[in-house]
Number of protein chains: 4
Amino acid sequence: MLGNTFGRIFRITTCGESYGKGRGSGLAVIVDGVPPGLRITRDVIQKELDKRRPGIGKFNSPRKETDQCEIFAGIGQDGLTTGAPLGIIIYNVDTKKVHVEQYRSYRDIFRPGHATYSFFLKYGEYQDWCGAGRASGRETVARVAGGAVAKFILAREGIEILAYTKECMGIRCKEMSFEEIKNNYRKNEINCPDLAAAEKMEEKILEIKNQGDTAGGIIEIIAHNVPPGLGEPVFDKINALIAHALCSIGAVKGIEFGAGFGVGKMKGSENNDQPYMTPDGKVRFRTNNAGGILGGITNGEDIVVRIAVKPTPTISIEQISINMRTMKEETLKPITRRDPTLLGRIYAVAEAMMACAILDALYMARAYDALAKLDKKWMRLKGC
Amino acid sequence: MLGNTFGRIFRITTCGESYGKGRGSGLAVIVDGVPPGLRITRDVIQKELDKRRPGIGKFNSPRKETDQCEIFAGIGQDGLTTGAPLGIIIYNVDTKKVHVEQYRSYRDIFRPGHATYSFFLKYGEYQDWCGAGRASGRETVARVAGGAVAKFILAREGIEILAYTKECMGIRCKEMSFEEIKNNYRKNEINCPDLAAAEKMEEKILEIKNQGDTAGGIIEIIAHNVPPGLGEPVFDKINALIAHALCSIGAVKGIEFGAGFGVGKMKGSENNDQPYMTPDGKVRFRTNNAGGILGGITNGEDIVVRIAVKPTPTISIEQISINMRTMKEETLKPITRRDPTLLGRIYAVAEAMMACAILDALYMARAYDALAKLDKKWMRLKGC
Amino acid sequence: MLGNTFGRIFRITTCGESYGKGRGSGLAVIVDGVPPGLRITRDVIQKELDKRRPGIGKFNSPRKETDQCEIFAGIGQDGLTTGAPLGIIIYNVDTKKVHVEQYRSYRDIFRPGHATYSFFLKYGEYQDWCGAGRASGRETVARVAGGAVAKFILAREGIEILAYTKECMGIRCKEMSFEEIKNNYRKNEINCPDLAAAEKMEEKILEIKNQGDTAGGIIEIIAHNVPPGLGEPVFDKINALIAHALCSIGAVKGIEFGAGFGVGKMKGSENNDQPYMTPDGKVRFRTNNAGGILGGITNGEDIVVRIAVKPTPTISIEQISINMRTMKEETLKPITRRDPTLLGRIYAVAEAMMACAILDALYMARAYDALAKLDKKWMRLKGC
Amino acid sequence: MLGNTFGRIFRITTCGESYGKGRGSGLAVIVDGVPPGLRITRDVIQKELDKRRPGIGKFNSPRKETDQCEIFAGIGQDGLTTGAPLGIIIYNVDTKKVHVEQYRSYRDIFRPGHATYSFFLKYGEYQDWCGAGRASGRETVARVAGGAVAKFILAREGIEILAYTKECMGIRCKEMSFEEIKNNYRKNEINCPDLAAAEKMEEKILEIKNQGDTAGGIIEIIAHNVPPGLGEPVFDKINALIAHALCSIGAVKGIEFGAGFGVGKMKGSENNDQPYMTPDGKVRFRTNNAGGILGGITNGEDIVVRIAVKPTPTISIEQISINMRTMKEETLKPITRRDPTLLGRIYAVAEAMMACAILDALYMARAYDALAKLDKKWMRLKGC
């Protein structure tokens, strides 16, 4: 397996799986690019991990993942970051033998919608058949831990990141301002700030759940108060980095910025955001079809991104599949442990990856700024 | 400026702008990761470049960009690649003084929908005000040249890549098989294989053009006959790499794979593609909602991607903007040289970036395969 | 801090320090690029870690570092690698309060020969003053763990890596064949296979130790049975990668390949290694001045590298230094816990880094081979 | 071929060979990470290229390489850099048919000391047999062009880089201060600032040349006025980056920093550089055994590096080699066109690579600084 590192300067490297065999098995992340002198405690990380943890609620998979993290590296005697990379580990606790045996019962059957088939092709019969290994949603625990560090550093720069459910099975959250969304953040299990819509979504999901089925939806992620000037003009546009970051989350089938796919029906005169000067000498825009990005570079408006999240592929309905050992078709029985939708958990992962991408771009931009030595006029506009 | 390289093993690095000041100015690409012994001639490259060239047709910008390429490095005495990186240059020929003066007339005015504002923040008054520099669509000439090399190498592996207009201003191309699309490839200026839809799209675009305005749309890119097993499970999922590649093209505001944003309304039982065995012992799928990708890894079905393309931001309509030198609002006059839509040209860039991403993933997969030493059974399924 | 990852395909990422504050603090490495189906147990790792551990012998620092590793990720239910990245952690056990207080007593005084000064400049007063943090030799524990994995994979390809003390304070190991060196590997605390020279070295070191001082030396690293064709012709020559890998070990002040600095006195006719055909159709060389590398690419002879290892900077002799808080000169008292030489431990780190660099180059070479599709003739020479 | 890019932020990517087949063939470099507003003209580049050009002198190869460069990208209408990557091309002019035929005459014979053998293994019979392709010393023309840009940017930061011949065939340049070396820079063909030693070296080389043979030597490279704090503590120590950069130059068989291999005979008390405070509140060191680097990070003293340069492998003496097509031994006739030593040219390449490595480290350090936000006290020491 390759590609377990994300980022150029701010960099997270992860490993681990739910049912690791090693003593004290778990998931870990090494976080490189941490400034010194920060009070990043395990609570800072845990708070984010708790967001993606299945709760006790009506939707969630009956699995219990306590996901308690420890910071085992990068903190000095004074309890502050030393600048060294952080090492964060989340030990597995819920590795009951009964679950292992359950996974063993269908270890050779390719599970539709899952990575089983492609894992067979890359890793053969050695692939981690127990709990889906690195293809499990549980892999994202380490991302969230790394992203918590990124969010902490971004917060110090005044940058906030927040995600919520925008749409589920055709039910859409109404248009709301950043402040309104923030005020209603995580007010319900589906994490939709439009409380009326949330109620309808939850009803719909329960109905689908009772059919043994699962539901897809759309998550919106907003980065607020991002300084203009982040991103590089050609291959490393900030939207390209964010797309890389977010599309690397399993279950994400699409991403759009600002007006997104809506631009397919728009005229230039409608789509161009018109700028104006604020009384205090800042450049702002009357609309935000660009989603905060012009030419791959932030323009000071909120970065607004939406991702399409597919319904959980694990369903409680019989499916005909293939036994990869015999290479014959075989029936896959209904699987009972599952999330009826990923929406109420995946937003935390989306926030984490968004934070990593933006912080990495911030480092790159500041590196360039330092040697570009522009006039103070431009630096002021960038908030430097 | 940073980030002018894309790829890990197969790697393109580009430079250049339309109105470079240097003697013999032009755009260039260095292509790393080229196998030896290939007859890659300038015609191979030129054929792709011609796709994105504005033609003589009714839509195109009156600018004449001949875009003639030369391969100046990497070809041996026998006319074959030596394995060395290819160096390809496209000299500028259309740098008329009148155009320079035209650009000079609004050099300090931020052009709505363009990167001018963010470029001021990164490069100050030194930014390339003439022809938009690296933020110009013309930057993509070098990508197309690099992508032509990728396509040539992929073709040797039996992989085909093809893009076409799926939708424009609400007019949608009907569902067609890969073969049908291929047969009608580039049959009209809008490059829509559904000839009836194409006619309507062209009419619509002309109508909008006559209003001084421009039109957005959606491009679909298909990679056909891709071996299963490409892509890495975590941060370097093939969809993440493709998203990075395609979202790095200016004007792209969204990307989706397979069912894409449609998954937001789908149940798991609808979305899961059911596998079956072909008579000759291959695994195939009854549907392709996954767009050829499972768990970030190709599954042998066509990779199907769509991108949202915004309307050209340059319009022939007066806009109120900001003079970045005086920091005061100022009117930007209508600009007459422009493309009424990018759809008829950008598909070539999309094909190029898709090819680069897939070839790079193919190299990575083969590197891993070589040391993984799996049983022949799995290698056969991957077509090795 | 940046740069805690080494490698492009086979990749190690490390973190940790001796006196971490976190609960269960320790050092860890995430190892990416591991093939599936390998029986890599903790014993495989531990065996290598034990090489760099201070023993009970006459030379070693009185510190006790037990350095017991655990593999917490990447091993499947069957006890084999799954292809997922390995996560290896080495918990700290020897973090006695008395040592912390000892470090605290000179926390602001820059220690000559150490990184303290430069760490102040990068991390200010937040730097890890206890046990030198990431600048401590202890950081290399994680490298050795990662290198153990690389060595295991290389062994499967028939490649052996071995390092030994070549010289110490003017006493030089005689010329010996690879087999002879291997037979006398780790026969004494200084790890010099020339037993007579070893005895003299040990005497010399003890003498220097009794003066409160420390000794430098030279380590030779040999990679045996390396297939020809590894390394890339321009910036990623195998010697460049090895130099990067080995010069990243603290205390290394130089590196040379084959005849090394001796080439400064050689003529071309003396230095050129003359090739010949073996009876079984292989190309070999009559001498190995090139150290197994031609044009940055392995030629099938042993890769022979030597590194210059500086004397331990920690000495039991008073030194005048600077208090970084007061910015005034201050006397640094003799420090009693120290290694009189690094030679008897650093060879394990050198083997580890050499293994990582070669394995990474092997992956890259095989990636290229797979698409280059050369005639079998050339592949046979490469042992493919 | 892979690996034609060097650097993370400041990045050069090169291509090209002496006898390219393409129309207008040549060597090129794309330079990424260039600040805007700099007056980098072709003369800035040409001045550096002229250093590595064979002169009309007694030593040089009779080949005429005019190496005239053009900057074809990255310069704006005002003649200043725009921030865009620079594109620099050096067209081939000396590709006489007679030379091609000469190369053709021994195209299948592996040339001892050259990369021919390893190139056959990587590229088979397709390898560039004419002029050695990317394995030719001529490849370094593009590095020097890229390095010229790095030197220009470093000069703006007050950093100077300079290389000279330290030793040749046992004749050693005396110890001289940076100022003395600078005053005698390039005063003779061997570029040795000790004029008496230079004379002896030149005599020796002529003597060896007349034997049909070639001479090795040692080059010292000094980076002067480098701010402290560059380099990263673990894998990306500045010495590791410099070692990577310099060992990637063909013919370099070793590298050492400061006391270098001399540390093998030194005690800790001799080797530790003792710090002191200057009257103006700066930290300096009484000696520079560390070569300006502590713990992989610059300490404000000159970075002092020496590289071992092997004698030119092309000699005018008959050698027995192998015909790679027949796989039989065959005599390689004396080759008359050659450099009797590389010393008088390679120093320019060493300066270039040193400059690239240091500038890249400077960017990284400034990126980290920007987010670390240390007290002004530490920033002042770093000259920020």
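Letters go in sequence order (proteins before strands), and every chain restarts at 1. Keep in mind it's a predicted model, so treat the numbers as computed, not measured.
The contact between B:M324 and chain A is made by backbone and side chain atoms together, counting heavy-atom distances below 4.5 Å. Heavy-atom distances place no part of B:R380 under 4.5 Å from chain A, backbone and side chain included. Only the backbone of B:I320 comes within less than 4.5 Å of a heavy atom in chain A; its side chain stays farther off. Contacts between B:D375 and chain A at a heavy-atom distance below 4.5 Å involve the side chain alone, from C-beta outward. With a threshold of 4.5 angstrom between heavy atoms, B:A135 does not approach chain A through any atom at all. Neither the backbone nor the side chain of B:K166 has a heavy atom closer than 4.5 Å to any heavy atom of chain A. Residue B:S321 touches chain A through both its backbone and its side chain, counting heavy-atom pairs closer than 4.5 Å. Using a 4.5 Å cut-off between heavy atoms, A:R111 makes no contact with chain B at all. Neither the backbone nor the side chain of B:T116 has a heavy atom closer than 4.5 Å to any heavy atom of chain A. For B:V283, the parts lying near chain A are the backbone and the side chain together; criterion is any non-hydrogen pair under 4.5 Å. Contact annotation for B:V305: neither backbone nor side-chain heavy atoms come within less than 4.5 Å of a heavy atom of chain A. Interface remark: A:Y117 contributes side-chain atoms only to the contact with chain B (heavy atom separation under 4.5 Å). Only the side chain of B:L374 has a heavy atom closer than 4.5 Å to any heavy atom of chain A. With a 4.5 Å cut-off on non-hydrogen atoms, B:T140 does not touch chain A at all. Of the two parts of B:Y276, the backbone and the side chain both hold a non-hydrogen atom closer than 4.5 Å to a non-hydrogen atom of chain A. Heavy atoms of B:Q211 lying under 4.5 Å from chain A belong exclusively to its side chain.
Heavy atoms of other residues, nucleotides or ligands lying less than 6.0 angstrom from NZ of A:K373 number more than 12.
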* To do: May I have the step-by-step check of salt bridge (charged side-chain N to carboxylate O under 4.0 Å, His left out) for A:D369 and A:K382, ending in yes or no?
  => CA-CA 10 Å; A:D369 284 347; A:K382 284 191 273 194; 2.7 Å; yes
- Task: With salt bridge (charged side-chain N to carboxylate O under 4.0 Å, His left out) as the test, would you mind laying out the steps for A:E167 and A:R172 before giving the verdict?
- Result: CA-CA 4 Å; A:E167 194 182 310; A:R172 198 163 170 94; 2.5 Å; yes
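Interface summary for chain B: among A:R134, A:M379, A:Q274, the most heavy-atom pairs under 4.5 angstrom belong to A:Q274. For the options A:I218, A:I297, A:I255, heavy-atom pairs under 4.5 Å to chain B are most numerous at A:I255. When A:A240, A:G291, A:A367, A:A251 are compared by the number of non-hydrogen pairs under 4.5 Å with chain B, A:A240 comes out ahead. Between chain A and the options B:K267, B:R8, B:E256, heavy-atom pairs under 4.5 Å are most frequent for B:K267. In terms of non-hydrogen atom pairs under 4.5 Å with chain B, the most contact-rich of A:Y126, A:F110, A:F235, A:Y123 is A:F235. The greatest number of non-hydrogen atom pairs below 4.5 Å with chain A, out of B:A132, B:G231, B:C168, is found for B:G231. If you tally non-hydrogen atom pairs under 4.5 Å between each of B:E125, B:R143, B:M364 and chain A, the highest count goes to B:R143. Taking A:H114, A:M327, A:E232 one by one and counting their heavy-atom pairs under 4.5 Å with chain B, the maximum is reached by A:E232. Between chain A and the residues B:G254, B:G170, B:G295, the largest count of heavy-atom pairs under 4.5 Å involves B:G254. The residue among B:E139, B:K122, B:K265 with the most heavy atom pairs within less than 4.5 Å of chain A is B:K122. Counting heavy-atom pairs closer than 4.5 Å to chain B, the top-ranked of the candidates A:P228, A:A215, A:A259 is A:P228. Of the listed residues B:L381, B:I12, B:V263, the one with more heavy-atom pairs under 4.5 angstrom with chain A than any other is B:V263.
Rounding to the nearest 0.5 angstrom, the gap separating the CG atom in B:N239 from the CG atom in B:D236 is 10.5 Å. Going from atom CD1 of B:I238 over to atom CG of B:L294 covers 12.5 Å, rounded to the nearest 0.5 Å.
Between A:P233 and B:M1 the shortest heavy-atom distance is CD-CG, 3.6 Å. Among all heavy-atom pairs drawn from B:K310 and B:G113, the shortest one is NZ-O, 2.9 Å. Across all non-hydrogen atoms, the minimal contact from B:S269 to A:I317 is CB-CD1, 4.1 Å. Heavy-atom minimum distance, B:T214 versus B:P311: OG1-CB, 3.5 Å. Closest approach of B:T341 and B:I205 over heavy atoms only: CG2-CD1, 3.8 Å. What you find for A:K237 and B:I249 is that their closest heavy atoms are NZ-C, 4.3 Å.
Proximity of B:P112 to B:P313: side-chain heavy atoms (C-beta onward) are nowhere separated by under 4.5 Å.
Taking the six-membered ring for Trp and the full ring otherwise, A:F261 and B:F261 have centroids separated by under 6.0 Å.
Remark: the A:N4 side chain and the A:T14 side chain contain no N/O donor-acceptor pair separated by less than 3.5 Å.
With A:N289 contributing its side chain and A:G258 its backbone, the two residues share no donor-acceptor pair below 3.5 Å.
Ring-plane geometry between A:F6 and A:H244 is classed as perpendicular, the angle between the planes exceeding 60 degrees on a 0 to 90 degree scale with a lower cut at 30.
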